[in-house]
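Worksheet: one structure, shown below.
For the numbers below, each heavy atom of this structure counts, side chains included, while hydrogens, waters and symmetry mates do not. Sequence lines set the chain letters: A, B, ... in the order given, protein chains first and strands last, and positions in each chain run from 1.
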2 protein chains.
Amino acid sequence: MSESENATAPSPKPQSARGRGPATLRSIASVVGVSPSAVSMALADHPRIGRETKEAVRAAARDLGYVANSAGRALRAGRSTSIAVVVPNTAQHVFGHPYFMHLLVGVNEAANAQDTAVLISTNPATDHDPAAYDRILRSQAAAGAIIASAAINDPNVSRMVDGGLPVVLIGRYPHLPHAVSVGMDDVAGAAAATRHLIAEHGLRRIGHISGPLEHQTALDRYQGFRDAIAESPEPCVQSLAVGDFSEEAGRACAAQLLDGMPGLQAIFAANDEMAYGALLELRSRGLRVPQDVALVGYDDFGVSRLTTPAITTVRVPAEELGRRAARRLFDLIDGAAEPVTHENVPIELVARESCGCPPD
Amino acid sequence: MSESENATAPSPKPQSARGRGPATLRSIASVVGVSPSAVSMALADHPRIGRETKEAVRAAARDLGYVANSAGRALRAGRSTSIAVVVPNTAQHVFGHPYFMHLLVGVNEAANAQDTAVLISTNPATDHDPAAYDRILRSQAAAGAIIASAAINDPNVSRMVDGGLPVVLIGRYPHLPHAVSVGMDDVAGAAAATRHLIAEHGLRRIGHISGPLEHQTALDRYQGFRDAIAESPEPCVQSLAVGDFSEEAGRACAAQLLDGMPGLQAIFAANDEMAYGALLELRSRGLRVPQDVALVGYDDFGVSRLTTPAITTVRVPAEELGRRAARRLFDLIDGAAEPVTHENVPIELVARESCGCPPD
DNA sequence: CCAGAGTGCTCAAACGATTGAGCAACCGAG
DNA sequence: CTCGGTTGCTCAATCGTTTGAGCACTCTGG
């Protein structure tokens with residue numbers, strides 16, 4: 001009541017246009033001398049706003065460094081301007097894994113292109129909690145979510161997929177056929193790796209160190225391994241040890257394979273960490289890699305390149321995975337026609353030394 | 001049945017309590033039969049709300065899976081419930097660096113404890129843009145920011161520090177004495193590493209591969225290197241090559257040091273990536289590590305542990321850095337008395353094989 | 001029987017952005 | 001001169017949450 005816009009009211013209230021705090025539509029409005037609505041419409045390039053007004057508004061917005069308040073916009077629009085990247089199980093080795101970081105780089109890039117912020121969401125160590133990411137999503141802090149590295153049986157995943165929020169899964173989820181997901185062909189990748197050992201290096205007695213079998217990725221890589229063995233023209237002997245993607249497990253599983261299978265010629269590990277563990281075990285037994293036992297890993301996030309010998313591996317294009325997942329999520333959010341439910345990014349065998357190939 | 005409870009208004013408005021979409025204060029209110037205000041106060045455990053009402057509200061909130069809409073809350077409160085982690089310069093080697101990920105783990109942990117979301121903010125590749133993170137902060141999507149790995153001369157940093165938003169810097173910023181920062185004593189760390197080469201292994205001719213000297217971290221590590229040389233009871237000879245923290249630079253700088261300083265006995269690299277590059281160069285010249293040339297790195301994010309020989313390094317507690325930075329940021333946001341402007345987390349020398357110490 | 005205190009709620013306003021409805025001014029055609 | 005259309009804005013309501021003010025009621029002491 002004691003207020004007005006362009007008037008020079010001597011009221012003590014600091015309701016001034018150029019007051020402290022970030023610029024708002026109102027502050028621009030009072031500078032330009034129009035209503036906040038007009039400012040909003042001008043910035044949106046609404047046809048019913050005059051050219052001069054638009055120019056004046058844009059100039060004032062630039063001068064004041066105006067950026068729309070995200071809470072106000074989200075509240076009105078009914079949806080946030082952020083997307084969330086969700087990592088359901090925060091075992092340290094998951095969130096801390098380089099895979100996740102590469103994913104994030106890709107997601108971030110795609111999100112930047114859409115002027116969208118990226119929210120990281122994970123569980124605290126105590127998993128009896130109703131899940132931190134659940135709260136983030138229910139609070140509508142994110143317009144959608146990308147879910148990475150979930151176990152097959154994680155009930156949270158299907159709950160979120162059915163939760164009404166746009167969700168893109170990373171990986172393959174055959175038991176959730178209606179879910180949108182972006183993954184890679186792990187079966188083909190693992191088969192290629194195994195076939196390389198068989199066909200290029202003539203190895204016949206091969207052990208596989210798999211990941212935990214409640215992860216689809218572990219299942220698929222094991223499947224690819226068996227496929228390659230089965231399709232081999234020469235008869236091959238296979239063996240399996242189940243690990244948990246950790247270096248320690250790789251070491252223990254390698255020991256198990258070596259003890260259980262005389263004349264073992266090669267080990268294919270479902271990720272590089274375990275391959276490195278296997279390398280340590282082989283080395284400690286005085287076995288040479290690749291001369292005595294050949295070794296192949298999976299992932300190629302830097303680990304495998306650094307070891308001596310460098311580990312032959314299958315490159316997982318995590319960054320591309322993140323990029324595509326984000327783009328798909330934006331399609332979902334924008335309600336674009338979306339018949340595609342699963343997309344694979346190409347994988348690639350990276351032959352280094354541990355399989356017996358010549359060093360570079 | 002699609003209508004409100006106590007009012008039998010025949011209006012066609014689908015204002016029903018249990019309508020589609022997420023639960024709101026209003027929907028709880030109409031279930032319980034009180035006003036939205038009462039619900040809000042009940043959930044906040046306000047003393048002026050009766051015990052029975054509180055219980056009914058809490059039960060209804062639980063049943064409906066109510067989580068406060070973050071946009072509404074942020075708008076009303078005038079501040080977001082997220083914090084941002086900002087990485088000003090997105091050269092791939094910065095955002096993609098494991099350091100960043102460890103930082104994120106720590107930040108995330110502390111943020112989870114405060115029911116706060118973590119926003120990742122970085123620049124797209126094209127840096128002519130007014131900066132993506134700038135927009136995030138100006139849009140008030142975050143209540144505060146943690147800024148990681150900024151160059152000394154990055155004008156964005158001081159702008160953000162002075163921008164009114166609570167900001168915690170990671171690292172040491174001697175030219176921004178009023179800024180709150182969390183870092184580590186790189187001078188001491190580098191001195192310890194260098195001193196180890198001098199005192200434990202008796203080396204006297206030592207080269208340093210530094211990072212880009214517009215980074216305080218690079219300056220401090222170089223300073224520590226020189227301090228250790230200067231304080232040595234035996235006269236030492238030093239030499240410097242300036243890199244950019246990349247493996248390629250490490251390799252080139254190692255070549256430069258080897259060519260420029262006859263009888264070089266040791267190399268101290270300002271990070272592990274460059275130490276690894278140096279290792280490759282030494283190896284390609286047929287020089288043995290550590291017998292011919294000893295090698296020390298800095299960071300300990302996994303790389304240095306994996307190489308052969310494993311690289312002696314200085315452990316940077318990135319996770320702890322992130323944790324403390326987040327906690328300090330919450331202090332700032334909550335307006336806690338905050339005289340402390342800089343805090344150091346302890347560093348630790350990790351002696352492995354590349355310096356000449358016995359393997360494990 | 002009434003003042004005063006205490007209890008338990010409701011009301012209304014506010015945060016900032018957006019948008020359908022509406023209104024005033026003007027122009028050209030009839 | 002008036003009617004219809006167009007232009008260029010303003011108004012008011014809305015999103016969901018929070019909170020100071022206020023209202024109705026009960027209890028207690030005098």
Side-chain angles (χ1 to χ4, degrees), chain A residues 1-6 13 15 17 19-30 32-57 61 64 66-81 115 138-141 143, chain B residues 5-7 13-15 17 19-30 32-57 61 64-81 138-141 143:
Chain A
M1 317 328 167
S2 70
E3 281 318 311
S4 76
E5 313 256 290
N6 14 20
K13 259 171 118 191
Q15 187 69 356
R20 284 137 302 286
T24 67
L25 284 186
R26 238 206 297 278
S27 59
I28 296 178
S30 85
V32 176
V34 293
S35 72
S37 319
V39 175
S40 175
M41 297 169 90
L43 291 174
D45 206 23
H46 193 286
R48 298 287 292 272
I49 299 294
R51 191 179 47 77
E52 289 181 32
T53 305
K54 278 181 185 170
E55 280 166 8
V57 165
L64 296 174
Y66 172 78
V67 175
N69 178 295
S70 59
R73 175 171 282 179
L75 183 56
R76 166 70 212 214
R79 76 152 114 128
S80 161
T81 49
D115 270 337
R138 284 246 273 281
S139 74
Q140 298 154 82
Chain B
E5 311 257 290
N6 9 23
K13 262 169 114 190
Q15 186 70 356
R20 285 141 301 289
T24 67
L25 284 185
R26 238 205 298 277
S27 59
I28 297 178
S30 86
V32 177
V34 293
S35 73
S37 319
V39 175
S40 176
M41 297 168 91
L43 291 174
D45 206 23
H46 193 286
R48 296 289 289 273
I49 299 294
R51 192 179 46 78
E52 288 181 32
T53 305
K54 279 181 186 172
E55 281 166 8
V57 165
L64 297 174
Y66 173 78
V67 175
N69 177 297
S70 59
R73 177 171 281 179
L75 183 56
R76 164 71 212 208
R79 76 150 116 130
S80 161
T81 49
R138 286 247 272 279
S139 74
Q140 298 153 82

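Look at A:Arg79 and you won't find any side-chain N or O under 4.0 angstrom from OP1 or OP2 of D:dC15. Between A:Arg26 and the phosphate of C:dA17, there is no side-chain N or O to OP1/OP2 separation shorter than 4.0 Å. Contact annotation: B:Ser40 reaches the phosphate of D:dT18 (side-chain N/O to OP1 or OP2, under 4.0 Å).
At a cut-off of 3.5 angstrom, counting only N and O atoms as typed in the model, there is a donor on one side and an acceptor on the other between the side-chain of A:Ser37 and the base of D:dC11. One donor-acceptor pair, N or O on each side, does fall under 3.5 Å between the base of D:dT18 and the side chain of B:Arg76.
Distance, B:Leu25 CG to C:dC9 C1': 15 Å, rounded to whole Å. Here C:dT19 presents its P atom at 14 Å from CG of A:Asp45, a figure rounded to the nearest Å. Summarising the geometry, the separation between CG on A:Leu43 and C1' on C:dT19 is reported as 15 Å, rounded to the nearest angstrom. In this entry the distance linking CE of B:Met41 with C1' of C:dT10 reads 10 Å, nearest Å. Between the CD atom of A:Gln140 and the C1' atom of D:dT17 there is a distance of 12 Å, given to the nearest Å. Remark: P of D:dT17 and CZ of A:Arg138 are 13 Å apart, rounded to the nearest angstrom.
The 5' end of DNA chain D is approached more closely, in terms of each residue's nearest nucleotide, by B:Leu75 than by the other of B:Leu75 and B:Ala38. Remark on DNA chain C: of its neighbouring residues B:Val39 and A:Ala77, the 5'-side contact belongs to B:Val39, judged by nearest-heavy-atom nucleotide.
One distance of note links OG of B:Ser37 with CZ of B:Arg26; it measures 10.5 Å at 0.5 Å rounding. Taking NZ of B:Lys54 as the reference point, atom CZ of B:Arg51 lies at 10.0 Å (rounded to 0.5 Å). To the nearest 0.5 Å, atom CG of residue A:Leu64 and atom CZ of residue B:Arg138 are 10.0 Å apart. Rounded to the nearest 0.5 angstrom, B:Thr24 OG1 and A:Gln140 CD are separated by 9.5 Å. B:Asn69 contributes atom CG, which lies 6.0 Å from atom CG of A:Leu75 (distance to the nearest 0.5 angstrom).
Within 4.0 Å of B:Thr24, counting heavy atoms only, lie sugar-phosphate atoms of the nucleic acid but no base atom. Contact annotation for B:Val34: backbone-only contact, meaning every heavy-atom pair under 4.0 Å involves sugar-phosphate atoms and none involves a base.
Residues satisfying the salt bridge (Lys or Arg N to Asp or Glu O under 4.0 Å) criterion with A:Arg73, sequence neighbours excluded, are absent altogether.
The stretch residues 46-57 of chain A touches DNA chain D through A:Arg48, A:Ile49, A:Gly50, A:Thr53, each having a heavy atom within less than 4.0 Å of the strand.
Rounded to 10 degrees, the angle separating the terminal axes of the helix from C:dC1-D:dG30 to C:dG30-D:dC1 is 70°, with each axis obtained from five end pairs.
Without hydrogens or angle criteria, B:Ser70 side chain to A:Ser139 main chain gives a donor-acceptor distance under 3.5 Å.
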